[in-house]
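The next block holds one structure in the form of structure tokens; read it before the comments.
Predicted model only: the values in this text are computed from it and were never measured. Values reported hereafter were calculated over all heavy atoms of this structure, with side chains retained and with hydrogens, waters and symmetry mates removed.
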Amino acid sequence: MSSYEAVTETKWVVTCMVGGVIVGVSLLGAYSSQLWKSRRRNKKPVRVYMDGCFDMMHYGHCNALRQARALGDQLIVGVVSDAEIIANKGPPVTPLHERLVMVNAVKWVDEVIPEAPYAITEEFMKKLFDEYKIDFIIHGDDPCVLPDGTDAYAHAKKAGRYKQIKRTEGVSSTDIVGRMLLCVRERSIAEKNHNHSSLQRQFSNGHSPKFEAGVSAATASGTRISHFLPTSRRIVQFSNGRGPGPDSHIVYIDGAFDLFHAGHVEILRLARDLGDFLLVGIHTDQTVSATRGSHRPIMNLHERSLSVLACRYVDEVIIGAPWEISKDMLTTFNISLVVHGTIAESNDFKKEECNPYAVPISMGIFKVLESTLDITTTTIIRRIVSNHEAYQIF
């Protein structure tokens with residue numbers, strides 16, 4: 001063999017070797033990628049379970065569900081039956097079907113189990129593990145004691161499948177009931193004495209409410225003044241963190257959304273179905289007081305905003321939206337449609353001297369939606385007042 005042929009053969013061998021290495025590396029990389037994707041695809045999601053009464057659902061409930069969802073990949077929520085609540089706590093303000101609407105609407109909830117038991121029994125825990133494939137049972141750091149004095153989550157703790165989250169301070173269903181009863185009493189006294197002081201502003205500013213003659217501090221026993229202090233972090237935690245696309249059909253709806261309830265959820269669901277992006281305007285405390293009376297709102301602006309933000313049908317909120325919708329506002333937010341429900345505290349806006357929807361009506365972009373649930377904030381307050389002795393016990 002000549003030297004030229006030897007060199008040529010050597011080059012050919014080297015080329016084959018290098019090519020083989022490249023092909024081998026490529027095949028190995030492709031195999032590794034497929035293996036990683038397969039493992040990721042076949043990885044079992046972590047399913048966590050949280051239960052509760054979720055009566056008069058508020059931002060504290062929503063924050064608990066947000067924290068629970070962060071501990072897994074899928075959150076399954078058990079909503080306790082009316083009968084179980086009555087047996088363990090007293091009558092619920094909102095019946096099961098309304099509570100189910102509320103829990104299903106929370107953006108961090110993946111699945112709901114209706115009529116869940118109040119306590120995690122061994123039998124129900126086995127059902128959670130075997131049928132619902134639950135990995136962990138979640139509850140807040142506040143104690144949950146049954147009437148017989150035992151821990152409602154004792155079995156889950158013993159099984160090593162229990163995880164705890166931090167309770168949201170500053171609000172509870174009992175606190176909200178107290179606020180309502182106190183506001184109703186304040187309104188009654190104000191009407192009698194022609195003294196229209198705003199209890200809501202005392203709540204928002206953290207001042208102790210002053211009682212008129214004949215009304216003792218014991219009247220409000222159990223009532224806690226709202227000490228809610230909004231932070232940008234909490235608002236970000238509740239926010240979707242995304243804006244509308246350039247060609248999005250943006251729907252706008254506004255209101256007080258006080259004591260956020262199933263009626264609110266249903267009208268927001270209908271509004272969201274009309275477009276690609278739902279923008280919700282939350283009126284200021286001063287606006288609500290001026291239009292609904294000095295005893296309103298029960299929840300302050302930021303409390304109301306968080307409750308609305310937690311709803312899966314809502315994309316963004318305007319915290320402190322104006323009463324009247326201007327042309328400039330419609331242009332700024334690129335609003336395509338303005339809607340309003342048929343069930344509201346007041347639907348006389350067309351008769352008002354300054355119709356807040358005059359501009360969108362004149363532009364042909366206003367629509368009235370047929371509300372599916374005949375519930376208002378007043379409905380909730382009336383339920384409390386009609387049976388306040390029963391509700392005060394929990």
Side-chain angles (χ1 to χ4, degrees), residues 198 200-201 204 230 232 235-236 238-260 263-294 296-311 313-371 376-377:
S198 173
Q200 182 277 325
R201 279 192 287 275
S204 297
S232 58
I235 292 172
V236 168
F238 274 53
S239 174
N240 285 344
R242 62 177 182 271
D247 301 317
S248 292
H249 188 79
I250 300 173
V251 179
Y252 178 77
I253 185 170
D254 62 1
F257 297 99
D258 196 15
L259 299 179
F260 195 62
H264 291 138
V265 167
E266 285 300 282
I267 201 67
L268 291 175
R269 179 181 62 80
L270 293 175
R272 183 62 175 78
D273 286 342
L274 295 177
D276 309 306
F277 193 92
L278 180 60
L279 177 65
V280 181
I282 317 291
H283 294 148
T284 66
D285 296 342
Q286 291 75 18
T287 296
V288 177
S289 292
T291 56
R292 307 281 169 84
S294 61
R296 300 281 187 89
I298 306 297
M299 311 289 282
N300 68 40
L301 174 61
H302 290 93
E303 290 177 310
R304 293 182 282 120
S305 297
L306 286 181
S307 292
V308 174
L309 271 175
C311 181
Y313 309 119
V314 176
D315 295 292
E316 183 63 284
V317 303
I318 299 176
I319 303 175
W323 176 249
E324 293 183 25
I325 301 172
S326 65
K327 181 69 164 56
D328 182 60
M329 177 182 167
L330 294 171
T331 303
T332 299
F333 292 100
N334 196 25
I335 294 169
S336 306
L337 180 67
V338 177
V339 299
H340 186 78
T342 53
I343 301 297
E345 296 289 319
S346 174
N347 263 326
D348 293 334
F349 58 87
K350 291 183 180 180
K351 300 177 183 178
E352 294 176 11
E353 187 176 336
C354 296
N355 184 347
Y357 303 108
V359 172
I361 288 173
S362 68
M363 295 172 63
I365 59 168
F366 180 79
K367 182 180 179 68
V368 174
L369 297 181
E370 189 71 34
S371 302
T376 65
T377 300

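Side chain of Thr284 to main chain of Gly320: no donor-acceptor pair is present (N/O by atom type, distance under 3.5 Å, no hydrogens or angles). Between the side chain of Asp285 and the backbone N or O of Asn300 there is no donor-acceptor pair closer than 3.5 Å. Judged by distance alone, with hydrogens and angles left aside, the side-chain atoms of Ser371 form a donor-acceptor pair with the main-chain N or O of Thr342 at under 3.5 Å.
Distance check, rounded to the nearest 0.5 Å: CZ of Arg304 to OG1 of Thr377 gives 9.5 Å. Leu369 CG to Ile267 CD1: the interatomic distance, rounded to the nearest 0.5 Å, is 4.5 Å. Atom CE of Met299 is separated from atom CD1 of Ile282 by 12.5 Å, given to the nearest 0.5 angstrom. Here the CD1 atom belonging to Ile335 is positioned 5.5 Å from the CG atom belonging to Leu279, to the nearest 0.5 angstrom. Between the OG atom of Ser239 and the CG atom of Asp315 there is a distance of 9.5 Å, given to the nearest 0.5 Å. To the nearest 0.5 Å, the span separating CG on Asn240 from CG on Leu278 amounts to 10.5 Å.
Closest of all the heavy-atom pairs between Glu324 and Cys354 is OE2-CB, 3.5 Å. The two residues Arg242 and Phe277 have their closest heavy-atom pair at O-CE1, 3.9 Å.
Exactly one of Tyr252, Phe366, Trp323 qualifies for a ring pair (Phe, Tyr, Trp, His ring centres under 6.0 Å) with Tyr357. That residue is Phe366.
Taking 4.5 Å as the limit, every side-chain heavy atom of Asp276 sits out of range of all side-chain heavy atoms of Asp247. Counting only heavy atoms from C-beta outward, the side chains of Val359 and Ile325 never approach each other to under 4.5 Å. Looking only at side-chain heavy atoms (C-beta outward), Ile319 and Ile235 come within less than 4.5 Å of each other.
Classification of the His264-Phe260 ring pair by plane angle, with boundaries at 30° and 60°, yields parallel.
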